[in-house]
Every structure is written in structure tokens, then in C-alpha cells.
Novice: 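Please see the structure below; I have some questions.
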Amino acid sequence: MLYLFLTVMIAFVYVLARLYLLKKEIKNTTRQLHQLNQNKTAKKIDISYHDSDFEELAKEINNQIDLTKKKEAEKRSTENELKQAISHISHDIRTPMTSIMGYIQFLESEEISSEMKKEYIATIKNSAQRLKVLLEDFFELSIIEQADYPLKMEKVRFNELVLEVLFGFYEEFNKRNIEPAIHIPEDDIIMLLDSSATKRVIENLVVNAIRYSSGEVIIQLQKSKTSLQLKVSNSVDALSEQEVNQMFDRFYKADLTRTGKGTGLGLPIAKSLMEKMNGHIYAELKDNQLTMICEWGF
């Protein structure tokens, strides 16, 4: 009887001790969370009381802290990117608008000749066209990046689609005296893609290659057991690895020479469309050869 009593008392004391230590640990955890929420510390939760259930709870709390920090970092990055985008588009809109307003003032003068008027009107038209393209590209990118952007996925003869797009650039290649090297397999390559979106991607890459090539453009379509790659290469005079890494950032060209070539949105649009179609796009620089690579895994 005494043995039973002692056993019960020991069990009771043990339970009370565990409850006390558990309550103490809960208070300690609450204090740590309060400091974290008040931004007084960035530390994750530490526990000194070893209980499997409580350790699992602390682990999940720390996982949530990690996720929250990651989301906050992504939010800051997005906000900074948005600020940059607004700054760049403001600059790019202001430039043609300033030109348009300036030449309109010239046209109001009664002292200019008819020939000068024609020249000013042509300049105004060019500036207005650039402004139109910029706004259309910016609007298109904002639409594409929406989560519910519609895609019509269907079986496409990819090699035929690439050639179809390239034929449309015949005159552009001639104007730049560029004879592209085209390597496209004759055998049908069937892919599940959105035909319109894929054409847009290829067009943007070819436009970029023609616009910035120093004399050479190469288009290759390569299929392996694990992936399909479309490579669009062009020779470049001077380009750094850092600039290559920024190729798919919005308004990439806005930070360079601002020569008026393009809006800096063609490659970001291509990237967004590729991601929508479960593909990947990236750039490589080797021996003054810039290569844009579209890749789909099998």
C-alpha cells in the first residue's frame, strides 16, 4: 500500500514538474515571439525544455518565421523593382513627349519653311510612334504577368513555327546586311505550346539579335533526350557578364546608352511568356557571342 502511494506521489510530482516546465517554456516562447513581432530581435525561437511535441511546435514556428522573412525580402525586391520600373518608364515617356512638345512649338512659328515643317512633323510622328510602342509593351507585360493570363496550349510543329517567324524578318535582315545562319532540323518536333505566345518569344529574340548584332546572327534548334533548346545568337562588340545577367530585367536598356532602340521590355515579355509555358529562358556570353536560350524539358 505504501509502495503504491509513493508511486502515485512520484507520478504526481513528475506531472506537476512537467507542467511547470512546460508553462515556463510557453512563457519563454511567448516572450521571444513578442520581441520578434516588436522587431526587437531577428532570432528564431530557442527552447530549453525537451519535449517532442513542443520541439515540433517550435520547429514549425521557426519555419513560419523563415517563410515570413522570405516573403518580406521578396516584397522589398518587388517594391524596388516597381520603383525602378516607374522611374524608367517615366524617363522613357518624358523623352519622346519632350521632343513632341518642342517640335510642336517650332511648328507654331511662322518663320519656318515648308520643308522644315515636313521635317518637324516627321520627327513628331517618330516620337509618337516610339511612345505608342513603349506604352503597348508596358501594358502587354503587365497583362502577361497576371496569374490568370490565358494560354491556348496545343500541339505545335515547333521547327515549322520557327521558320515561319524567321521568314517574316527577311527584309529586316536585308536592311542590316545580315545573312543569318539557320540550323533547324527537318524532322517534325511536336511540342505542347501556345502558338501565339511562342511566336512572340521568338520574334522578341530575333528583333534583339538584329538590333544589337555587330554583324552575325545564328539561329539553332537542338533536341536532346531531356530537352528542346532554341538558341538565338548574335555577335557583340562590348558586353559584360553583369549586363548579361540584367538582360531580362524590365527596362534593362534604360540604364545604358538610351539610344532609342527598343523599350527594354522585349526580353522581359519573352521571359514571362516562357515561364507561363513551363519553359526557361536565359543568356550566355562567350567570345563576344551573346546567346539567348529558350529551353523546355521533357
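Residue numbers start at 1 and run along the sequence shown.
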Novice: Could you report the tightest heavy-atom contact between V232 and L205, atom names first, then the distance?
Specialist: CG1-O, 3.9 Å
Novice: Please tell me if the side chains of N63 and E60 come closer than 4.5 Å, counting only heavy atoms from C-beta onward.
Specialist: yes
Novice: Please give me the minimum heavy-atom distance between K276 and I144, naming the atom from each residue.
Specialist: CE-O, 2.8 Å
Novice: Going by atom types only, do N28 and R31 share a side-chain donor-acceptor pair under 3.5 Å?
Specialist: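 Short answer, yes.
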Novice: For atom CD of E179, is the number of surrounding heavy atoms from other residues, nucleotides or ligands below 6.0 Å larger than 12?
Specialist: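 Count not over threshold, so no.
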Novice: Enumerate the ring-ring contact (aromatic ring centres under 6.0 Å, His included) contacts for residues 270-291, please, sequence neighbours excluded, ordered by first and then second residue.
Specialist: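 Found H280-Y282.
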Novice: What pairs with E164 under side-chain hydrogen bond (donor to acceptor under 3.5 Å, both in side chains), at least two apart in sequence or on another chain?
Specialist: K199
Novice: To the nearest 0.5 Å, what is the distance between CG on L228 and CD on Q222?
Specialist: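 Reported value, rounded in 0.5 Å steps: 9.5 Å.
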Novice: Which heavy-atom pair separates S127 from I100 by the least distance, and what is that distance?
Specialist: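 Of all heavy-atom pairs spanning S127 and I100, the closest is CB-CG1, 3.6 Å.
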Novice: Please say whether more than 12 non-hydrogen atoms of neighbouring residues, nucleotides or ligands are located less than 6.0 Å from NZ in K59.
Specialist: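 Counting neighbours around NZ of K59, 12 or fewer heavy atoms of other residues, nucleotides or ligands fall under 6.0 Å, so no.
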Novice: Side chains of N204 and R200: donor-acceptor distance under 3.5 Å anywhere?
Specialist: yes
Novice: Is K175 salt-bridged to E171, cutoff N-O under 4.0 Å?
Specialist: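 E171 and K175: not salt-bridged.
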Novice: Any side-chain heavy atom of Y212 within less than 4.5 Å of one from L290?
Specialist: no
Novice: Taking side chain as C-beta onward, heavy atoms only, is S227 less than 4.5 Å from Q229?
Specialist: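 In short, these two side chains touch, coming nearer than 4.5 Å.
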Novice: Find out if a path of hydrophobic residues (ILVMFWY) with successive side-chain heavy-atom gaps under 4.5 Å connects F248 to I293.
Specialist: no
Novice: Find out if a path of hydrophobic residues (ILVMFWY) with successive side-chain heavy-atom gaps under 4.5 Å connects I219 to Y170.
Specialist: no
Novice: Return the CG to NZ distance between L141 and K271, rounded to the nearest 0.5 Å.
Specialist: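 L141 CG to K271 NZ: 10.5 Å, rounded to 0.5 Å.
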Novice: Of all heavy-atom pairs between M277 and T198, which one has the smallest distance, and what is that distance?
Specialist: SD-OG1, 3.5 Å
Novice: For the residue pair S233 and V217, establish whether any side-chain heavy-atom pair is separated by less than 4.5 Å.
Specialist: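 A side-chain contact is absent here, since even the closest heavy-atom pair is not under 4.5 Å.
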Novice: Looking at side-chain heavy atoms only, is the closest gap between L131 and T95 below 4.5 Å?
Specialist: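 A side-chain contact under 4.5 Å is absent here.
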Novice: Go through the steps to decide whether K117 and L107 satisfy the test side chain to side chain contact (heavy atoms under 4.5 Å, CB included), and finish with yes or no.
Specialist: CA-CA 6 Å; K117 282 185 178 181; L107 287 174; 3.9 Å; yes
Novice: So, taking the atom named CD1 in I143 and the one named CD1 in I269, what distance separates them when rounded to the nearest 0.5 Å?
Specialist: 11.5 Å
Novice: Measuring from R130:CZ to S99:OG, what's the distance to the nearest 0.5 Å?
Specialist: 11.0 Å
Novice: How long is the straight-line distance from OG of S272 back to CG of L267, given to the nearest 0.5 Å?
Specialist: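 OG of S272 is found 11.0 Å from CG of L267.
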Novice: Looking at D66 and K44, is any side-chain nitrogen of the basic one under 4.0 Å from a carboxylate oxygen of the acidic one?
Specialist: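 Looking at K44 and D66, the cut-off is met.
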Novice: Should L163 and I182 count as side-chain neighbours, where that means a heavy-atom distance under 4.5 Å?
Specialist: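 Of all side-chain heavy-atom pairs linking I182 with L163, at least one is under 4.5 Å.
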Novice: Does I218 belong to the same Ile/Leu/Val/Met/Phe/Trp/Tyr cluster as V207, with side-chain heavy atoms less than 4.5 Å apart forming each link?
Specialist: no
Novice: Give a yes or no on whether L67 and L33 share a hydrophobic cluster (residues Ile, Leu, Val, Met, Phe, Trp, Tyr; joining criterion: side-chain heavy atoms under 4.5 Å apart).
Specialist: no
Novice: Would a 4.5 Å heavy-atom cut-off, applied to side chains only, mark S195 and E154 as touching?
Specialist: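 Yes - at least one pair of side-chain heavy atoms lies under 4.5 Å apart.
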Novice: Should N208 and M292 be marked as a side chain to side chain contact (heavy atoms under 4.5 Å, CB included) after you check the CA-CA gap, both sets of side-chain angles, and the distance that decides it?
Specialist: CA-CA 10 Å; N208 189 80; M292 300 288 180; 3.8 Å; yes
Novice: State the CG-CD1 distance between N159 and I190, to the nearest 0.5 angstrom.
Specialist: 7.5 Å
Novice: Side chain to side chain contact (heavy atoms under 4.5 Å, CB included), that's the test. Do L285 and V236 meet it? Break it down for me.
Specialist: CA-CA 9 Å; L285 179 65; V236 290; 3.9 Å; yes
Novice: In terms of side-chain geometry, is the basic nitrogen of R157 or D188 positioned less than 4.0 Å from the acidic oxygen of its partner?
Specialist: yes
Novice: Quick one: closest heavy-atom pair of A197 and L273, and the distance?
Specialist: O-CD1, 3.7 Å
Novice: Can you run down the ring-ring contact (aromatic ring centres under 6.0 Å, His included) pairs that involve residues 108-128, sequence neighbours left out, and say none if there aren't any?
Specialist: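 ring-ring contact (aromatic ring centres under 6.0 Å, His included) check on residues 108-128 returns Y103-Y120, F106-Y120.
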Novice: Which pair of heavy atoms, one from Q289 and one from S235, lies closest together, and at what distance?
Specialist: OE1-CA, 3.9 Å
Novice: Does atom CZ of F139 have more than 12 heavy-atom neighbours from other groups under 6.0 Å away?
Specialist: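 Count not over threshold, so no.
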Novice: If Ile, Leu, Val, Met, Phe, Trp and Tyr residues are connected whenever their side-chain heavy atoms lie under 4.5 Å apart, and connections chain through other members, are V162 and L192 in the same group?
Specialist: yes
Novice: Give a yes or no on this: more than 12 heavy atoms of other residues, nucleotides or ligands lie within 6.0 Å of atom CZ of F298.
Specialist: yes
Novice: Apply the side-chain contact (heavy atoms from CB on, under 4.5 Å) test between I189 and each candidate in L161, L221, V156, I184; give the one that qualifies.
Specialist: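 Testing each of L161, L221, V156, I184 against I189, the sole residue satisfying side-chain contact (heavy atoms from CB on, under 4.5 Å) is L221.
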Novice: Do M274 and C294 have side chains that approach each other closer than 4.5 Å (heavy atoms only, starting at C-beta)?
Specialist: yes
Novice: Decide side chain to side chain contact (heavy atoms under 4.5 Å, CB included) for E136 and E140; before the verdict, give the C-alpha distance in whole Å, the side-chain angles of both, and the deciding distance to 0.1 Å.
Specialist: CA-CA 6 Å; E136 286 177 347; E140 181 182 7; over 6 Å; no
Novice: Report, as yes or no, whether the 6.0 Å neighbourhood of atom CE on M153 holds more than 12 heavy atoms from other residues, nucleotides or ligands.
Specialist: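 Yes.
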